[in-house]
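One structure is given here, and the rest of the page talks about it.
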Amino acid sequence: MLRPGACIGILGGGQLGRMLAVAAAGYGLKCCIYCPDAGSPAFDVAAGFIQAPWDDETALARFCERVDVVTYEFENIPAETAAFIAARRPLLPGLKALETSQDRLAEKTFVASLGVGTAPFAAVSSAAELEAALAQIGRPAILKTRRFGYDGKGQTRIDAGDSAGAAFDVIGRQPAILEGFVPFAKEVSVVCARGADGGFVAFDVCENVHRNHILDVTTVPASIAPRTAAKAVEAARRIAQALDYVGVLTVEMFVLADGETLLVNETAPRVHNSGHWTIEGARTSQFQQHVRAICGWPLGDAGRYGRATMTNLIGDDIDAWREILAEPGACLHLYGKAEARKGRKMGHVTRIFPENGL
Ligand code: AMP
């Protein structure tokens, strides 16, 4: 168990690292951020940072010297970097969780092996294999690169009449996974935490609406039946347990039109955009929860203070910051990014609507 005053190393310097570092500071902990990108949002709020490439072993060794435990705020950490660090300091969540989430095929195979539903899927490594997979899975289908996809990048939909060869070209002829298109009614996520002692705590299920493949609005609780919500949490618990997971884990799922069937789309071995509402909306935020878990501390209460909505500020949405500040009860978060490029997450706003007389 780490003590206040210990130092957490965070791989990645985006807004998730920034909010983790702020939460850690609230518990009297220090953070050191490791990120190759100049001007990373997390650098501004941490006790220290190292700006160096992922393969710079001298810098990585220096980073390990400074920290007591290492975590990450995004899952595309190169495998060699993760192994280098794990040999020197505890890396939490562990390598199994990281490796599983880095490869969509490994991830879906793992989830399905636990008896948790997924879209039908098949491995694809050539245009010929894609033809065979399409014959098996049918159309429409979605072709995704196995690695390095996010926010809809590295994927393309294949409809009736579309050429398989052209679709394989679109994703750069990389190792891929073909998934049956899921005619989902809703997208939800379970943000949960598993402690070093195996304890498990989940926030209420989040309902997520995407715009241009990027999360737009999260509403909590999701408007799904309590039984479906319980099933979603149980699926996440099973995944966390099978990964021997320590930290906050996010599991994104589709809910079908029957309101009952859940299919896991993706797991993220980290805090997640759909959990940002917890900063003001829950008794423990997802960032505090992650810090607690990786420090070997007891997990916090995930109870809600009310109904919550979280709206992302993407690109020039951020221009509305003055109006949002003027709105009573609107909680504005800005990530300190210099340039409001199109599609870039610049901040978010959370609104909490107290329920049950709270
Ligand atoms: P992903 O990159 O896997 O998180 O996918 C991004 C978004 O694409 C999801 O949030 C869904 O809206 C959509 N999507 C991904 N996979 C499927 C699928 N098999 N069927 C239908 N929609 C999907």
Side-chain angles (χ1 to χ4, degrees), residues 14 16 73-76 97-98 100-112 116-124 130 133-134 136-160 162 164 167-168 170-172 174-191 205-220 222-224 232 235-236 239 249-259 261-276 310-312 314 343-345:
L16 300 178
E73 58 111 55
F74 84 127
E75 53 273 37
N76 289 325
L98 185 64
T100 306
S101 70
Q102 283 184 339
D103 179 344
R104 290 184 191 276
L105 181 64
E107 180 180 56
K108 286 242 157 49
T109 305
F110 169 73
V111 168
V116 173
T118 68
F121 64 93
V124 165
L130 176 55
L134 280 167
Q136 181 199 330
I137 285 172
R139 299 164 186 245
I142 300 197
L143 183 66
K144 301 179 179 179
T145 56
R146 281 174 60 170
R147 292 178 171 274
F148 302 123
Y150 68 98
D151 286 350
K153 293 185 174 66
Q155 59 178 271
T156 186
R157 180 173 156 150
I158 306 176
D159 283 299
D162 289 345
F168 199 51
V170 168
I171 64 148
Q174 299 175 59
I177 175 172
L178 184 76
E179 295 179 12
F181 180 81
V182 177
F184 58 83
K186 285 179 195 305
E187 291 189 83
V188 299
S189 56
V190 176
V191 180
V205 179
C206 314
E207 181 166 337
N208 303 318
V209 174
H210 294 82
R211 186 168 34 125
N212 302 324
H213 293 283
I214 301 173
L215 181 62
D216 182 16
V217 179
T218 294
T219 308
V220 191
S223 56
I224 53 177
I239 291 168
L249 168 74
T250 305
V251 183
E252 295 184 77
M253 306 177 197
F254 300 126
V255 184
L256 301 196
D258 63 8
T261 308
L262 292 164
L263 301 176
V264 167
N265 178 42
E266 207 172 26
T267 64
R270 55 172 168 79
V271 290
H272 192 260
N273 197 166
S274 64
H276 290 357
M310 187 288 311
T311 306
N312 270 335
I314 294 168
R344 195 172 197 205
K345 291 174 179 168

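Just the heavy atoms: all of them, side chains too, but no hydrogens, waters or symmetry mates, feed the values below. Read the numbers this way: they start at 1 and go in the same order the structure lists the ligands and their atoms.
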Evaluate side chain to side chain contact (heavy atoms under 4.5 Å, CB included) for V264 paired with E107, printing each intermediate quantity in order. CA-CA 10 Å; V264 167; E107 180 180 56; over 6 Å; no

Within 4.0 Å of some non-hydrogen atom of E187, the atoms of ligand 1 are 9 (C), 10 (O), 11 (C), 12 (O)

From Q155, E107, H213, R157 - option closest to atom 5 (O) of ligand 1 by heavy atom: Q155

For G14, is there any backbone N or O sitting under 3.5 Å from a side-chain donor or acceptor partner on E73? yes

Looking at ligand 1, does any of its N/O atoms fall within less than 3.5 Å of an N/O of R104? yes

Sidechain-backbone polar pair: N265 side chain, E252 backbone, donor-acceptor under 3.5 Å: no

Look at atom 15 (C) of ligand 1 and find which of K144, E252, E266 reaches it with the closest heavy atom. K144

Closest heavy-atom pair and its distance - L16, V271: CD1-O, 3.7 Å

Under a heavy-atom criterion of less than 4.0 Å, does A141 contact ligand 1? no

Structural part of I142 in contact with ligand 1, heavy atom criterion under 4.0 angstrom: side chain

Can you name the closest pair of heavy atoms from I171 and Q174 and give their distance? O-NE2, 3.0 Å

Are the side chain of R139 and the backbone N or O of D162 linked by a donor-acceptor pair below 3.5 Å? yes

Taking the side chain from E207 and the backbone from S223, do they hold a donor-acceptor pair closer than 3.5 Å? yes

Test of understanding: given a 4.0 Å heavy-atom threshold, classify the contact between N265 and ligand 1 as side chain, backbone, both, or neither. side chain

If we number the atoms of ligand 1 from 1 as shown, the ones under 4.0 Å from a heavy atom of H210 are 10 (O)

Could you tell me whether some N/O pair between G180 and ligand 1 is separated by less than 3.5 angstrom? yes

State whether the shortest distance between N or O atoms of V182 and N or O atoms of ligand 1 falls below 3.5 angstrom. yes

